[in-house]
Amino acid sequence: MSNEENHLVIVRKEKLSALTQAGVPSYPNDYRPKNTLASLLSQFDAQQDSDVLAKITVAVAGRIVLYRHFGKLIFATLRDASADMQIAVQRDEVGVELYTNVFRKLDVGDWIGAEGTLFRTKTGELTVRVVRFQLLAKALRPLPEKWHGLEDIETRYRQRYLDLMVNPEVRTLFKTRSKIVSLIRGFMESHDFLEVETPMMHPIPGGAVARPFVTHHNALDRDLYLRIAPELYLKRLIVGGFEKVFEINRNFRNEGLSTRHNPEFTMMEFYQAFTDYQELMERVEQLICHVVRAINHDHLVVHHQDRPIDFTPPWPRLTLQEALIRFAEATPQEVANREGLLILADRHGLDPKIKNTLDDGALLLELFESIVEEKLIQPTFIKDYPISVSPLSRRSSQNPLVADRFELFIGGWEIANAFSELNDPQDQEERFLAQVQAKDAGNLEAMHFDADYIRALEYGMPPTGGAGIGIDRLVMLLTNSAAIRDVILFPQMRSKDPG
RNA sequence: GGGCCGUUAGCUCAGUCGGUAGAGCAACAGACUUUUAAUCUGUGGGUCGUUGGUUCGACUCCAACACGGCUCACCA
């Protein structure tokens, strides 16, 4: 049966015609509800005096999500954005004609506006006694089944509106996501950070090591790249004199999809002059604790996939080497040099080819990512990254091979990446050149040379610290979600030929 | 991209050894003025993901493809 014109759709279209012929405007837009369902429930649910309730006149609007009729009486459950509430229509009150030709023609899924008074049913449920009514929008397609709801994962993602209308927990989750973003924004603003918007279309993709999407601007006749990170633009703003900026927006990376990767994902990046990566750990810790408390009833322990995660600060701070010693049974000698790292790699069965393709720093990072990362369930800062894998980070004053950089891991995932920014234009130029060499050698993710960024640094960037926080993954942790698709309203899907 | 699993009515799911398809909800008709997954009686509804193959006969066995899920690889 065609999905476009099945029997159930035909029946509903016929009902709409019948309603129109009965004088019911089919798609009016002049109805205005005066009460949300939640406000009625909170105001009058405790009111026991039926005479009082009978004098309350209300005007509500919502979608019919349940509908049951008994000869001369109809009960329906109405859902608006705030709550579900029962309404009732009695034939003797609205008249036989209206009752039969209009109210009995309504279906689950229809949007209606209803006016009337309040009463309490035999079971004590606060209910709207409908005396006047408007059809606001007829549902021509049936809603998913009322008890099981919509379970098919593919349909939930492709037709998220169905998921939202029948699965209340999904609505709750996306409200929580919105609240998390709002809390982050509030935190940044309260610390005097300026929210900015920088380009999504970049002439040169930069700020991260990743493969970009390419698009084309016709009038300019040039290729542009969807941004992989806003970093280089935000730091240009620091050069320009803004000392605290942040941006919450999408990044795009042309890479594989997984339960933790969507081609477009949301990052919060912030940059602050006159600070360093050590102080940024404090800032990130405070920010995330602020968010966790606010959405978790002031508690700092959340449960994610049956695991408790305790956000109580301070969070451990380990160097990469210390993390390998603690979580990969490495000895201090093994993490001290390349020979030791190779022994460690062998012991953990890592692909032998990495020995030849990775430099010392990349090898250290590879060992960490493949062995340790997934074990960092509790919030943990990992610091002192190799300079070779940190092309935008400031070189440590103590060790020229180490960057003043940390990443934050929670639930086995990288949640944040931060560093003291490299503000030495000559060093930055050398780092870019090294990236270009890697790109020429076939590394598709290596960075481009961004001459304008170098020029900006040559005007002088104050000492600065910057951080990026993966919003989607943070939301996953705080909403007990297993897949990034569950926290993105319209996740990327392969197109499905409609026919 | 690799491996494994899945795709049957609008929705949620059964379908035995290969013999041409079932339930609940939804729909339709009827009964019913206090239900709330209302209940009861009756009726209709299917290109079994697509294409091919094996077979007298395929939802079932085989192959390819499409889409999805998990996972590995890449990444955040």
Side-chain angles (χ1 to χ4, degrees), chain A residues 1-12 14-15 65-78 84-93 99 107-109 119-127 129 139-159 162 166 207-212 228-229 250-267 269 351 366 369-370 373 407-409 412-417 443-445 468-474 476 482-486 491 493-499:
Chain A
M1 178 61 73
S2 159
N3 189 37
E4 301 307 312
E5 275 301 335
N6 67 58
H7 173 69
L8 299 176
V9 172
I10 291 167
V11 166
R12 282 165 179 251
E14 286 169 359
K15 281 187 183 175
V65 292
L66 291 169
Y67 180 92
R68 28 187 193 279
H69 61 85
F70 306 77
K72 303 181 183 67
L73 171 70
I74 297 167
F75 284 109
T77 303
L78 208 61
D84 289 2
M85 186 176 179
Q86 181 167 266
I87 64 173
V89 182
Q90 295 188 50
R91 194 184 73 174
D92 295 346
E93 287 188 22
Y99 184 88
D107 288 302
V108 168
F119 77 108
R120 204 169 285 283
T121 65
K122 281 180 181 169
T123 56
E125 179 163 349
L126 189 67
T127 302
R129 187 192 304 274
L140 298 179
R141 293 178 182 273
L143 259 54
E145 203 244 4
K146 63 187 175 187
W147 184 240
H148 296 93
L150 181 65
E151 309 226 320
D152 183 82
I153 293 171
E154 183 174 356
T155 308
R156 286 186 47 225
Y157 295 152
R158 287 188 191 278
Q159 293 177 268
L162 291 177
V166 302
V209 176
R211 296 181 67 177
I228 55 177
R250 226 69 62 81
N251 290 347
F252 306 86
R253 298 189 186 174
N254 205 340
E255 291 156 357
L257 289 75
S258 80
T259 49
R260 289 176 300 286
H261 300 86
N262 194 63
E264 51 181 308
F265 62 101
T266 302
M267 286 275 286
E269 288 200 7
D351 190 340
E366 172 64 28
E369 287 180 346
S370 56
E373 186 172 324
E407 291 192 350
L408 169 65
F409 294 86
W413 305 331
E414 181 188 336
I415 298 297
N417 178 23
N443 184 345
L444 295 169
E445 282 124 32
I469 296 175
I471 301 300
D472 309 276
R473 288 183 181 175
L474 186 60
M476 287 170 71
I484 197 169
R485 292 188 181 96
D486 291 326
M493 304 284 276
R494 268 196 181 77
S495 64
K496 203 170 186 177
D497 190 358

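The chains referred to below are lettered A, B, ... by the order of the sequence lines, with proteins before strands, and numbering in each begins at 1.
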State whether A:R141 places a side-chain N or O below 4.0 Å from either non-bridging phosphate oxygen (OP1 or OP2) of B:G10.
no
Name the nucleic acid region contacted by A:R158, choosing base, sugar-phosphate or nothing; use a 4.0 angstrom heavy-atom cut-off, strictly under.
sugar-phosphate
For A:R91, answer base if it contacts any base atom (sugar-phosphate contacts may also be present), sugar-phosphate if it contacts only those atoms, and nothing otherwise; contact means non-hydrogen atoms under 4.0 Å.
nothing
To the nearest angstrom, how far is A:Q159 atom CD from B:C67 atom C1'?
14 Å
Please give the distance between the C1' atoms of B:C56 and B:U51 as a whole number of Å.
23 Å
Applying a 4.0 Å non-hydrogen cut-off, can you work out what A:V166 is touching in the nucleic acid: base, sugar-phosphate, or nothing?
nothing
Can you find a pair of side-chain heavy atoms, one from A:P142 and one from A:V108, that are under 4.5 Å apart?
no
If a stem is a run of at least 3 consecutive Watson-Crick or G-U pairs, both distances under 3.5 Å, which stems include RNA chain B?
B:1-7 with B:66-72, B:10-13 with B:22-25, B:27-31 with B:39-43, B:49-53 with B:61-65
For the C1' atoms, the ones on B:U50 and on B:G68, what distance do you get once it is rounded to whole angstrom?
15 Å
Base, sugar-phosphate, or nothing for A:E151, non-hydrogen atoms under 4.0 angstrom?
sugar-phosphate
With a cut-off of less than 4.0 Å, is there a side-chain N or O of A:R485 near OP1 or OP2 of B:C70?
yes
Here the distance between atom P of B:U12 and atom CZ of A:R156, to the nearest Å, is 11 Å
With no hydrogens and no angle check, just 3.5 Å: does a side-chain donor-acceptor pair link A:H148 and A:E145?
yes
Examine B:U71: is either OP1 or OP2 under 4.0 Å from a nitrogen or oxygen in the side chain of A:T259? Give yes or no.
yes
For A:R253, which contact category applies under a 4.0 Å heavy-atom criterion: base, sugar-phosphate, or nothing?
base
Sugar-phosphate, base or nothing in reach of A:M267, heavy atoms under 4.0 Å
nothing
For atom CZ of A:R211, is the number of surrounding heavy atoms from other residues, nucleotides or ligands below 6.0 Å larger than 12?
no
What nucleotide among B:U34, B:A37, B:C67 has an atom nearest to a side-chain atom of A:L66?
B:A37
May I ask you to verify if any side-chain N or O of A:R68 is less than 4.0 angstrom from the OP1 or OP2 atom of B:A38?
yes
Would you mind classifying the nucleic acid contact of A:N262 as base, sugar-phosphate or nothing, using non-hydrogen atoms under 4.0 angstrom?
base
Protein-nucleotides 26-31 of chain B N/O pairs closer than 3.5 Å?
{"from": "B:A26", "atom 1": "OP1", "to": "A:K146", "atom 2": "NZ", "distance (Å)": "2.7"}
{"from": "B:C28", "atom 1": "OP1", "to": "A:K15", "atom 2": "NZ", "distance (Å)": "2.6"}

Below 3.5 Å between N/O atoms, which protein atoms pair up with nucleotides 3-8 of chain B? Just atom names and distances, please.
none

